[in-house]
Asks: 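Just passing along the structure, written as structure tokens.
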Amino acid sequence: MIATNNLILYINSIDIIMCGIVGYTGKREAYPVVLKGLKRLEYRGYDSSGIALINNNKLAVHKKQGKVVEMEESVLGKDLHSHIGIGHTRWATHGEPSDRNAHPHVSNSGELAMIHNGIIENYAQIKKELLSKGYIFSSDTDTEVLLNFIEDIKKNNGGSLEEALRIALKRIVGAYCILLISQDDPETIIAARKGSPLVIGIGKGEHFLASDASPIIEYTKEVVYVNDYEIAIVRPDELILKNLGNEKQTPFITKLDMELAAIEKGGYEHFMLKEIHEQPDTIFDCLRGRLFPDNGMIIMSGVENHMEALKNAQRILIVACGTSWHAGLLAEYQIEELCRIPVEVEYASEFRYRNPVIHPGDVIIAISQSGETADTLVALESAKEKGAFIFGIVNVVGSSIARLSNAGAYSHAGPEIGVASTKAFTGQLAVLAMMALKIGFAKGTLSEERYLHLMKELHDIPEKVKEMLKDTSNIQRIAEKYKDARDFLFLGRGYNFPIALEGALKLKEISYIHAEGYPAAEMKHGPIALVDENLPVVFVATKDSYYEKIVSNVQEIKARKGMVIAVATEGDDIIPGMADDTMFVPDADEVLAPLLSVIPMQLLSYYVGLAKGLDVDKPRNLAKSVTVE
Ligand code: G6P
């Protein structure tokens, strides 16, 4: 028993992966298409990458630890001719990434190659069986086990590769998106998914496969989102979808609403900077067609169609991870104030495991940029089984969480490539604010006057963000001044408390500086012990109903020689008079001010990371889309 447990822990420690996958079959040269796709997906994983091609019925696999460009350099001068290709960019949570653990993996016969995003939980048992049959493994991965398992079934049953895959998938436990090719069939990619995303782009005499639409958009806007427990047999002129019971499924073709420019840097040095600067537009896009302050209307069909469930909810549970969780925390303040509905904000990873109490009449709001975060997805699946009504606030259209939700509203921020979330966060805040206003007004807990005032305030946010972004040199100066600090403290009260948490998270992610976010008043119960002349303390201290209190908190820090960096409202001279440095934001109603006060937090972390020479778009150890638990 102990041995088994250890083995499972060992498996988890070496091969929990969340990766980007790309595939192509058609008339073009596959290598450039797959390589470009891998570069577009590199934000999903960047510790190793690899590619498999077939030329003259001969499989060629090239893989390398490091970024995609390192794999690209390693194949310079090689014959890469092929009209079919699969590629992979890997992100490992533990264990040393290496050439041999990189995908694609090749089966023992040398005939099959496979890439995989996910985890096969029961691979140890299967590996044991295969070892006893004489199979040899050249990596530590579960992927290689699954591949040889498929090969073994095919050898023993004498059937097709597709059939062998189907049998294998019925025996495995875990999550996967896999692409499989065989040198005997150099036109066909067989793909399957459960729990990890897969999109297939439909071209003329060609097909593109990827973890998300970004590698596909350049070639076609017609895509099919493959569902869990489906297998796709993909040839240049043919796309067949089947379920695991071998029954054909009708592919549902969706039109992508996305432009190529949206996934390119557009003249900015980094995606993160570009995405910060896009916020006036992305927030505007999120409000467009929904918020009509002139006639007092908020149109959100997902909310309208379920208004009874929402406004009569006994309780709202918000489930999310990371930055999305911070958006949820802010929504707790807004919904409780404007709608008078009790709200609980849950980390999805905790919620899913602790057997939470869900009453009939509870509403769950799921917040996720990617719509694929495994912890959030699984938490929602189990809540849905218990009868909960799920409202999804998701950025990626057609993603798993979007499809699982009973209703929802997209945040319309466009593709977010920088690993640290910026524009998706403000998009989430905009959606949540509209929801709170709409529900509060319908419920009668929000007066018409305040409703109209807040609508107008929300409408003005994109313009204010635009103003703020015109000149960011002061924030860059502050970042350079404090870049060598070892720790940072971020403090805020009320609506700005979640922004303090978000500021600390951003700084950790991008600059690797230890940072903690705290409610400003709670500081005296612990963190104040850290304060000395070396500790920068960021106060998110805009003019709101907590203002007087936070002025006292600033004084408490100054009295202990801490360095204060303030986020203050334009025109305020009290906080700036006490602070060592100040980042100003335009005035806004306190309910919506976080949409502005988060911008300096994003820029501060960006510029600190930049000043330290770090890869701000791909911070070490982080992944954009965490598709495993
Ligand atoms: C990862 C990302 C974060 C993100 C979190 C939740 O940790 O690096 O930026 O906030 O996942 O992701 P989601 O896609 O569900 O919002």
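These numbers come from a predicted model, not from an experiment. Each ligand, and each atom within it, is numbered from 1 in the order the structure gives.
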Asks: Out of the candidates E480, K483, K506, only one should pair with V608 under the side chain to side chain contact (heavy atoms under 4.5 Å, CB included) rule; please name it.
Replies: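 One option only clears the test, and that one is K483.
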Asks: Under the rule for side chain to side chain donor-acceptor pair (under 3.5 Å), what residues qualify as partners of K67, not counting sequence neighbours?
Replies: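 Side chain to side chain donor-acceptor pair (under 3.5 Å) check on K67 returns D615.
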Asks: Distance-only, no hydrogens or angles: does the K64 side chain make a donor-acceptor pair with backbone N or O of E70 under 3.5 Å?
Replies: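 It does not hold such a pair.
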Asks: Pick out the protein N or O atoms lying less than 3.5 Å from any N or O of ligand 1, and list each pair with its distance.
Replies:
unit_1: ligand 1; atom_1: 8 (O); unit_2: A623; atom_2: O; d: 2.9
unit_1: ligand 1; atom_1: 9 (O); unit_2: V419; atom_2: O; d: 3.3
unit_1: ligand 1; atom_1: 10 (O); unit_2: T323; atom_2: N; d: 3.0
unit_1: ligand 1; atom_1: 12 (O); unit_2: T373; atom_2: OG1; d: 3.3
unit_1: ligand 1; atom_1: 14 (O); unit_2: S368; atom_2: OG; d: 3.3
unit_1: ligand 1; atom_1: 14 (O); unit_2: Q369; atom_2: N; d: 3.4
unit_1: ligand 1; atom_1: 14 (O); unit_2: S370; atom_2: N; d: 2.7
unit_1: ligand 1; atom_1: 14 (O); unit_2: S370; atom_2: OG; d: 2.6
unit_1: ligand 1; atom_1: 14 (O); unit_2: T373; atom_2: OG1; d: 3.3
unit_1: ligand 1; atom_1: 15 (O); unit_2: S368; atom_2: OG; d: 2.6
unit_1: ligand 1; atom_1: 15 (O); unit_2: T373; atom_2: OG1; d: 2.5
unit_1: ligand 1; atom_1: 16 (O); unit_2: S324; atom_2: OG; d: 2.6
unit_1: ligand 1; atom_1: 16 (O); unit_2: Q369; atom_2: N; d: 2.7

Asks: Please determine, by modelled atom types, if T422 and Y606 share a side-chain donor-acceptor pair under 3.5 angstrom.
Replies: no
Asks: Donor-acceptor pairs under 3.5 angstrom involving side-chain atoms of residues 485-494: please list them, not counting sequence neighbours.
Replies:
unit_1: D487; atom_1: OD1; unit_2: H514; atom_2: ND1; d: 2.7
unit_1: R493; atom_1: NH1; unit_2: N553; atom_2: OD1; d: 2.8

Asks: Could you list all the ring-ring contact (aromatic ring centres under 6.0 Å, His included) pairs where at least one residue sits in residues 316-338, not counting sequence neighbours?
Replies: W325-Y347, Y333-Y495
